[in-house]
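Structure first, commentary second.
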Amino acid sequence: MKQYIVDAFTDKVFKGNPAAVCITEEPLSDEKMMNITAENNLSETAFAVKKGDKYSLRWFTPGGEIDLCGHATLACAYVILNFIETDKNNVVFDTLSGDLTVSKQGDIYEMDFPAYNLKTYEATEKIAEAIGIKPQEVYIGRDLLCILKNENEVRNVVPDLEKIKKLEGLLLHITAEGGGCDCVSRSFAPKCSVAEDPVCGSGHCHIIPYWADRLKKNTLTAYQASKRGGTLYCRLEGDRVKLGGKAVIYSISELFV
């Protein structure tokens, strides 16, 4: 079967967040999907199967299956709309997080994701030790969200991944107001066997609700300040987050499995 590798949330190869995409005629076994994911050793590999008017979509990290992944969803939509169903401008995915729709608008692919409900969380010493600085505020949804004072603090954090593993939440995100954009962030996922996620879509389902409320605006441009970097064009609409981004193909290969 074919496998596509797409760099998401960028229009330049070697930037953004790479995801592997496999579109299959029949579902693969969990064991085979995990083996392929481990072999790829990317933060996510997405597996999609045509299911009526939708595609059944599952996401796997080297550490196991997860319930929501933005960049791999964008990558999967990019593959389907550019290589498989080229006459369409949108695709609907049936996932563990419900139906997710991706619409192609020029060179931007906009995803419709559920926003996470954020609850106030104590800025503990364990969190400060894990990221090397005490956050101003902390919230928890699926992940931990730490608010730092400024963009420089976000960029300069050197995390202790072993200590992050011991904290609550699946991932840990750090964020601050941005200079040339509304907010900047970084995302760490050692529990998923990913040290730092280059651009985390599901993380922005935590980040955007926070900054929309804080900045009193529903349309935001977000930058993920990882080594690869990536830009997200976002809107908060009620309990949904619209995440837009560009994508570029890196490779198309054939798997002998």
Side-chain angles (χ1 to χ4, degrees), residues 61 63 66-71 95-98 100 111-179 181-192 194-226 230 232-243:
T61 75
I66 60 170
D67 65 344
L68 186 63
C69 177
H71 84 278
T95 78
L96 289 176
S97 293
L100 303 177
M111 301 176 287
D112 180 2
F113 274 18
Y116 284 102
N117 181 33
L118 300 178
K119 297 179 181 178
T120 304
Y121 194 87
E122 183 182 357
T124 64
E125 284 302 315
K126 288 184 178 179
I127 294 175
E129 290 173 2
I131 61 175
I133 189 171
K134 187 168 184 178
Q136 294 189 316
E137 304 169 63
V138 180
Y139 298 87
I140 191 164
R142 180 195 69 179
D143 309 332
L144 274 180
L145 177 65
C146 298
I147 315 302
L148 304 189
K149 184 167 59 176
N150 55 49
E151 182 173 336
N152 284 337
E153 286 190 350
V154 171
R155 291 180 178 273
N156 293 330
V157 158
V158 179
D160 187 321
L161 298 176
E162 289 304 314
K163 289 182 178 178
I164 288 178
K165 282 183 182 179
K166 298 175 182 177
L167 301 175
E168 284 196 59
L170 182 63
L171 283 74
L172 183 144
H173 311 286
I174 56 175
T175 185
E177 193 169 352
C181 59
D182 292 298
C183 59
V184 297
S185 63
R186 291 171 66 194
S187 302
F188 308 105
K191 293 178 185 177
C192 300
V194 177
E196 180 168 358
D197 196 344
V199 190
C200 187
S202 64
H204 281 79
C205 294
H206 299 73
I207 294 164
I208 294 305
Y210 173 84
W211 285 112
D213 179 66
R214 177 56 61 92
L215 299 176
K216 305 303 179 189
K217 57 191 296 189
N218 288 340
T219 300
L220 303 97
T221 301
Y223 183 73
Q224 189 105 37
S226 64
L232 304 93
Y233 308 96
C234 311
R235 294 197 319 275
L236 182 66
E237 295 186 356
D239 61 354
R240 307 291 295 183
V241 178
K242 304 281 189 174
L243 297 176

**OP:** Determine the minimum heavy-atom distance between Y223 and C181, stating which atoms define it.
**Re:** CB-SG, 3.8 Å

**OP:** Would you please name every residue forming a ring pair (Phe, Tyr, Trp, His ring centres under 6.0 Å) with F188, sequence neighbours left out?
**Re:** none

**OP:** Would you list the pairs meeting salt bridge (charged side-chain N to carboxylate O under 4.0 Å, His left out) in which at least one residue belongs to residues 202-213, sequence neighbours left out?
**Re:** D213-K216

**OP:** Grab the two heavy atoms, one from A222 and one from C234, that are nearest each other, plus how far apart they are.
**Re:** CB-SG, 4.4 Å

**OP:** Output, in order, the C-alpha distance, side-chain angles, deciding distance and verdict of side chain to side chain contact (heavy atoms under 4.5 Å, CB included) for H71 and Q224.
**Re:** CA-CA 12 Å; H71 84 278; Q224 189 105 37; over 6 Å; no

Original post:
Going by the side-chain hydrogen bond (donor to acceptor under 3.5 Å, both in side chains) test, which pairs reach into residues 158-167, not counting sequence neighbours?
Top reply: E162-K165

Original post:
Tell me, do H204 and S185 make a side-chain contact under 4.5 Å, heavy atoms counted?
Top reply: yes

Original post:
Under the salt bridge (Lys or Arg N to Asp or Glu O under 4.0 Å) test, which residues partner R142, sequence neighbours left out?
Top reply: D67

**OP:** Can you run down the ring pair (Phe, Tyr, Trp, His ring centres under 6.0 Å) pairs that involve residues 127-153, sequence neighbours left out, and say none if there aren't any?
**Re:** Y139-Y210

Original post:
Roughly how far, to the nearest 0.5 Å, is CG of L148 from CZ of R186?
Top reply: 10.0 Å

**OP:** Side-chain contact test, heavy atoms from C-beta onward, threshold under 4.5 Å: evaluate it for L232 versus I208 and give yes or no.
**Re:** no

Original post:
Residues in side-chain contact (heavy atoms from CB on, under 4.5 Å) with N156, at least two apart?
Top reply: N152

Subject >> Note, I174 side chain near P135 side chain (heavy atom, < 4.5 Å) >> reply: no

**OP:** Evaluate the side-chain proximity of P209 to V241: yes if any heavy-atom separation is below 4.5 Å, no if none is.
**Re:** yes

Original post:
Who passes salt bridge (Lys or Arg N to Asp or Glu O under 4.0 Å) against D112, sequence neighbours left out?
Top reply: R240, K242

Subject >> Verdict with supporting geometry, L68 and L100, side chain to side chain contact (heavy atoms under 4.5 Å, CB included) >> reply: CA-CA 10 Å; L68 186 63; L100 303 177; 3.8 Å; yes

**OP:** Please test L243 against F113 for side chain to side chain contact (heavy atoms under 4.5 Å, CB included), starting from the C-alpha separation and ending with a verdict.
**Re:** CA-CA 7 Å; L243 297 176; F113 274 18; 4.0 Å; yes

**OP:** Apply ring pair (Phe, Tyr, Trp, His ring centres under 6.0 Å) to H173 and list each qualifying residue two or more places apart in sequence or on a separate chain.
**Re:** H206

Output a table of donor-acceptor pairs, distance under 3.5 Å, between side-chain atoms of residues 119-133 and any protein atom two or more places apart or on a different chain; print 'none' if there are none.
unit_1 : atom_1 : unit_2 : atom_2 : d
Y121   : OH     : E168   : OE2    : 3.0
T124   : OG1    : I127   : N      : 3.2

**OP:** List in chain and number order the residues that pass side-chain hydrogen bond (donor to acceptor under 3.5 Å, both in side chains) with E177, two or more places apart in sequence or in another chain; answer none if no residue qualifies.
**Re:** none

Original post:
Tell me, do D182 and W211 make a side-chain contact under 4.5 Å, heavy atoms counted?
Top reply: no

Subject >> Any donor-acceptor N/O pair, T175 side chain to I207 backbone, under 3.5 Å >> reply: no

Original post:
With E237, which residues qualify under side-chain hydrogen bond (donor to acceptor under 3.5 Å, both in side chains), at least two apart?
Top reply: R235

Original post:
Roughly how far, to the nearest 0.5 Å, is the SG atom of C146 from the CD1 atom of I140?
Top reply: 10.0 Å

Subject >> Value rounded to 0.5 Å, distance of CG in L215 from SG in C183 >> reply: 7.5 Å

Original post:
Roughly how far apart are I66 CD1 and S97 OG, rounded to 0.5 Å?
Top reply: 9.0 Å

Subject >> All side-chain contact (heavy atoms from CB on, under 4.5 Å) counterparts of E151, not counting sequence neighbours >> reply: R155, V184

Original post:
Got a second to check how far L170's CG is from C192's SG, nearest 0.5 Å?
Top reply: 4.0 Å

Original post:
Between CD1 of I164 and CD of E196, what distance do you get to the nearest 0.5 Å?
Top reply: 9.5 Å

